[in-house]
There are 2 protein chains.
Amino acid sequence: MSLETVSANRSHGGTQGVYRHPSAETGTEMTFSVFVPDHAPGARLPVLWYLSGLTCTHANVMEKGEFRAACAQHGVIFIAPDTSPRGDDVPDHDGYDFGKGAGFYVDATREPWAQHFRMRAYIETELPALVAQHFPVDMARQGITGHSMGGHGALTTALRNPDRFRSVSAFSPIVSPLHCPWGEKALGGYLGDDRGSWREYDACALIEDGARVPDLLVDQGTADGFLEEQLRTPLLAAACKKAGQPATIRMQEGYDHSYYFISTFMAEHVGWHAQRLNA
Amino acid sequence: MSLETVSANRSHGGTQGVYRHPSAETGTEMTFSVFVPDHAPGARLPVLWYLSGLTCTHANVMEKGEFRAACAQHGVIFIAPDTSPRGDDVPDHDGYDFGKGAGFYVDATREPWAQHFRMRAYIETELPALVAQHFPVDMARQGITGHSMGGHGALTTALRNPDRFRSVSAFSPIVSPLHCPWGEKALGGYLGDDRGSWREYDACALIEDGARVPDLLVDQGTADGFLEEQLRTPLLAAACKKAGQPATIRMQEGYDHSYYFISTFMAEHVGWHAQRLNA
């Protein structure tokens, strides 16, 4: 599988790169970013995936996430994919919360979305294979995190793939698309009205239905304007408690939904993953 | 003097704010950003000024600079002004290296620039007075740093005001506007053809003419495409050596001119300033 280097910058004792490739799943070119810390020749490093939120591309966390110092310290490769297919051929929607920039990490089954909006297959299958081919990664040591829509993506992807991921965390995740306007709009649009088919894309429903991870870490700001209606952190706490799913869910006083919040706790998340990936 | 809060976000155990005010010096509204770490009631904290490079506003370092963790750790307030006056009434130039976004921290004497392009007076006099009035700053403990054009601004402002600043550093500074195309265009445009009048805006010339600071720290990437023609770090090293000006000038292998470079060494610079400001 071919890969084009868009840019490469030395940073924090490693290389921050941006790469582009034709995706068979989405039928478009896809762009993603990878930070590779300096390492011994031949070494293979653990990987932390970061799934971004609504309206974002690979670039937001790359510029504002403040992950590189911690990744260099712990020897962790950091990969940030895009949030949807892009391009003139890809259908879109006039809202920020559906269509381009809002793939919700699902494989759409409804038209006109089904052809290109295959972000689940892209994240679960195609991109890992490409990364394994081109980067010094140890695919036996993967963790996943994300923000908001990407926190939903991280939690659901990990819960569906417990053998692939050793660690999972999230920043202000949408914890139950079945129970919030963003989720109802997106899953209804991409998957249709059969809410049973949404359950594999809902962290709370997956846990209710028996999915488990060893543990999970969530940070959520108390001043986040989306907390009450869209993110609904208490639903995740309740689902974990009821199911006996170990979880550390921290309400962070005064923090909002922005990268000013994410960057504050990023180093802790990287360290939390590194502890599990380097164990 | 009045001050309007544009935004305030909790981050890294402090508050990242953006503020706007009418400036008497520039005759425009000016915007700047301030990070204030949490502190004891009534405490006054040391200040680190950061002057930005060509094309930047207050926002670039605020989003990409990775200074907040270190400032919170050391209890340092971080202030980032804009790089020029803005607005429809302000004359501009079609290049990125002169006019808006390129004030070079000088008081222009030539028309049509003299009315609004008074960034030296703004940084040296007006903004410090405003900051002293509205923020919990200890103005007896100030340091200054900056990047590229802002590195030039930091070095020259400190060399002209040794009583005001206890510490000075720079990332990839323009070290001698007298000896590079950016500098010749800017100082010629703002000040006219009398190159003698440029010397107070040239770090190397100031040192040759007797200005001194206790010491200075400079980081410069070896892969910086502007190094040879525009930044000319060796001229500063030679001027310091000849004059006996203590200086730590570090060439950083493989780093370029971007915020990927700045953010890598930002925490070290903050720590270097904090050591002098908290002494």
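Convention: sequence-line order gives letters A, B, ...; per-chain numbering from 1.
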Taking [X] for its side chain and [Y] for its backbone only, find out whether a donor-acceptor pair lies under 3.5 Å.
| X | Y | result |
| --- | --- | --- |
| B/Thr264 | A/His12 | yes |
| B/Arg166 | B/Asn278 | no |
| A/His39 | A/Pro37 | yes |

Is a side-chain donor-acceptor pair under 3.5 Å present for A/Thr31 with A/His58? no
Assess, by modelled atom type and distance only, whether the side chains of B/His273 and B/Ser169 contain a donor and an acceptor separated by less than 3.5 Å. yes
Do NZ/NE/NH1/NH2 and the carboxylate oxygens of B/Asp38 and B/Arg10 come within less than 4.0 Å? yes
Is it the side chain or the backbone of A/Gln16 that comes within 4.5 Å of chain B heavy atoms, both, or neither? side chain
Under 4.5 Å to a heavy atom of chain B? For A/Ser263 that would be both
What parts of residues 247-258 of chain A touch chain B if we use heavy atoms and a cut-off under 4.5 Å? A/Glu253, A/Gly254, A/Tyr255, A/Asp256, A/Ser258
Which residues satisfy the ring pair (Phe, Tyr, Trp, His ring centres under 6.0 Å) test with B/His74, sequence neighbours excluded? none
Pick from B/Glu66, B/Met62, B/Glu63, B/Lys64 with the largest number of heavy-atom pairs that fall under 4.5 Å of chain A: B/Glu66
